[in-house]
Amino acid sequence: MAQKPSIPKGTRDFSPAEMTNRNYIFDTVKGVFRLFGFQSIETPAMENLSTLMGKYGEEGDKLLFKILNSGDFAAAPSDQELLERNSIHLTNKISEKGLRYDLTVPFARFVVQYRNDISFPFKRYQIQPVWRADRPQKGRYREFYQCDVDIVGSDSLLNEMELVQIVDQVFAKLKINTVVKINNRKILAGIAEVIGEKDRIVDITVAIDKLDKIGLEKVNEELLEKGIPQTAVEKLQPILNLSGSVSEKLAQLEKVIGHSETGEKGIFEMRTLFAYLDNLELTTEVELDLTLARGLNYYTGAIFEVKAKDAVMGSICGGGRYDDLTGNFGMPGVSGVGISFGADRIYDVLTQLNLFPAATADSTKLMFVNFGPAEEAFCLPVLAAVRKAGINAEIFPDKSKMSKQMTWANHKKIPFVAIVGENEMAQGKINLKNMLSGEQQLVNPQELIKILSV
RNA sequence: GUGGUUGUAGCUCAGCUGGUUAGAGCACUGGAUUGUGGUUCCAGGGGUCGUGGGUUCAAAUCCCAUCAUCCACCCCA
């Protein structure tokens, strides 16, 4: 096969048709964000590695795309360092920038950097691509768009409530049935504390996160494998078996971890949030899921994850509260909470469920057939008038065979074609063809605009 | 990082246990219809069978390697 050009693994091109659908998602999301008082910002694709490293856990650091330093990067490391072949040390010498892994950490950096210009609480949204050096598979890309909304500088649980409302409204508009799973890192920390394995919180949460996927027995196996003592695993069992309503679950949980200060605080936060949510009219299902963990290191309070009920797909939306992210950049004591919509997974879900709207309001409505210079001269003023009336219109740029021009209009799904030749010009009229019905009618320019305006 | 799947025309794929000029549908180009697309009919162009090596009289087909791909695990949007 002849060599074909290609793009890197896990990246994609977007055709005009795909962009129409992607813009439908972005426009929907933006509309809801603005409705709740969020403002847009953008940050660069690349950040200093010092900004990104250490914020996402060990796994996250591995998945960062690093950018090779410009110039003679091979001169920087010493012979000794080159011989060591230690990738981590070497990376520090030859790369100081990386592509952003998410939008939350760059946002925290932004907040600290412009703290004097920002009036808190600061509510921003940001829709940009992020990059992860993951192995691509279904619903997983190396370049994908996140749509983030965050509030920073307020620890009110009203923010958590509004984020759930935003999720609810976005997916209601997109007509995706969803379930919002909510948990709290403080509860997870409380659990780890109570079973006497405070330092193993990551291993414990990662294991119990798999409860509905691999079942209780396998979770216990994994916990033991990771070196959690039998006694601790036993203490965990009542928590893994919790059932009932949200308040029932929380009451049972309180008996077990209530004497942990952190755990109690987590329970209080969840009670408050669910009390708020009870008073809202939500379309989406909301549940307290004590097995929800989420890998990102920086979460400290509520955590969210949203799944589409009718589609096979990982979470399409996720987020949570982070109390000290800005502290990493030298601005302690500022709490933030936010959520991120995965535009590409939402796209895949909408495709799976065939939920994209058929109407394409942004495409061409009228095309003028081109018969040559004389006809052009007649059509161009009419075309200008049509555009002035706000109607998307164009003229075929070349004088080619009519069937070619018609085929082109057809492929572009243009609903009306204006055919103007000698006969029409003699009458000062336009032959307007409806491409759906095939009907044609002779009209003057004013009538043309009137017909197309409806 | 670990395991598996698949690589044949622009796209989606067929090609049985190795056998002569490698096929189909869609797409494309031309014609039937020199001012009419979407339907129909006819004709045409387009393929180092991912790459490299091996077995064989003979390889798209069997073996090895390699690259790419998709899927699953890990982790995550």
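Below, read A as the first sequence line, B as the second, and so on, with proteins coming before strands; counting in each chain starts at 1. Values below: every heavy atom of this structure, side chains too, minus hydrogens, waters and symmetry copies. As the structure is a prediction and not an experimental result, all values here were calculated from the model.
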Taking the six-membered ring for Trp and the full ring for Phe, Tyr or His, determine whether the centres of [X] and [Y] are under 6.0 Å apart.
| X | Y | value |
| --- | --- | --- |
| F341(A) | F171(A) | yes |
| F26(A) | Y145(A) | yes |
| Y125(A) | F38(A) | no |

Inter-nucleotide [atom1] distance ([N], [M]), Å rounded:
| N | M | atom1 | value |
| --- | --- | --- | --- |
| U21(B) | C64(B) | P | 28 Å |
| U61(B) | G18(B) | C1' | 6 Å |
| C13(B) | A22(B) | C1' | 14 Å |
| U56(B) | G1(B) | P | 38 Å |
| G30(B) | U66(B) | C1' | 43 Å |
| G46(B) | U36(B) | P | 30 Å |
| A68(B) | G50(B) | C1' | 7 Å |
| A27(B) | G38(B) | P | 10 Å |

Given Watson-Crick or G-U pairs with both distances under 3.5 Å, what dot-bracket string fits RNA chain B, with | for other-strand pairs and [ ] for crossing? ((((.((..((((.....[...)))).(((((.......))))).....(((((..]....))))))).))))....

Within the sub-3.5 Å range, which N or O atoms of nucleotides 68-71 of chain B have a protein N or O partner, and how far apart are they?
unit_1: C71(B); atom_1: OP1; unit_2: K138(A); atom_2: N; d: 3.3
unit_1: C71(B); atom_1: OP2; unit_2: K138(A); atom_2: N; d: 3.0

Does the distance from a Lys or Arg side-chain N to an Asp or Glu carboxylate O, for [X] and [Y], drop under 4.0 Å?
| X | Y | answer |
| --- | --- | --- |
| E222(A) | K226(A) | yes |
| R12(A) | E143(A) | no |
| D134(A) | R142(A) | no |

Partners passing side chain to side chain donor-acceptor pair (under 3.5 Å) against K401(A) (at least two apart in sequence or in another chain): none

Between D289(A) and T291(A), do the side chains contain a donor N or O and an acceptor N or O under 3.5 Å apart? yes

Contact pattern, 5' to 3', of nucleotides 26-40 of chain B - B, S or - by protein heavy atom under 4.0 Å: --S--S---BBBB--

Tell me whether the count of non-hydrogen atoms from other residues, nucleotides or ligands lying under 6.0 Å of NZ in K399(A) goes above 12. no

For [X] and [N], what is the distance between atoms [atom1] and [atom2] respectively, to the nearest whole Å?
| X | N | atom1 | atom2 | result |
| --- | --- | --- | --- | --- |
| R142(A) | A77(B) | CZ | C1' | 16 Å |
| K181(A) | A77(B) | NZ | C1' | 15 Å |
| Y299(A) | A77(B) | OH | C1' | 10 Å |
| W131(A) | A77(B) | CH2 | P | 17 Å |
| R100(A) | A77(B) | CZ | P | 15 Å |
| D61(A) | C75(B) | CG | P | 16 Å |
| E222(A) | C73(B) | CD | C1' | 11 Å |
| Q126(A) | A77(B) | CD | C1' | 15 Å |

Which pairs, with at least one residue in residues 155-165 of chain A and sequence neighbours excluded, count as a side-chain hydrogen bond (donor to acceptor under 3.5 Å, both in side chains)? S154(A)-N159(A), E160(A)-R321(A)

Here the side-chain hydrogen bond (donor to acceptor under 3.5 Å, both in side chains) pairs for residues 366-383 of chain A, sequence neighbours left out, are N370(A)-E376(A)

Base, sugar-phosphate, or nothing for [X], non-hydrogen atoms under 4.0 angstrom?
| X | answer |
| --- | --- |
| K307(A) | nothing |
| F341(A) | nothing |
| S315(A) | sugar-phosphate |

Within 45 degrees of the ring normal and closer than 6.0 Å to the centroid, is that where the cationic atom of R132(A) sits relative to Y101(A)? yes

N/O donor-acceptor pair under 3.5 Å between N23(A) side chain and M19(A) backbone: yes

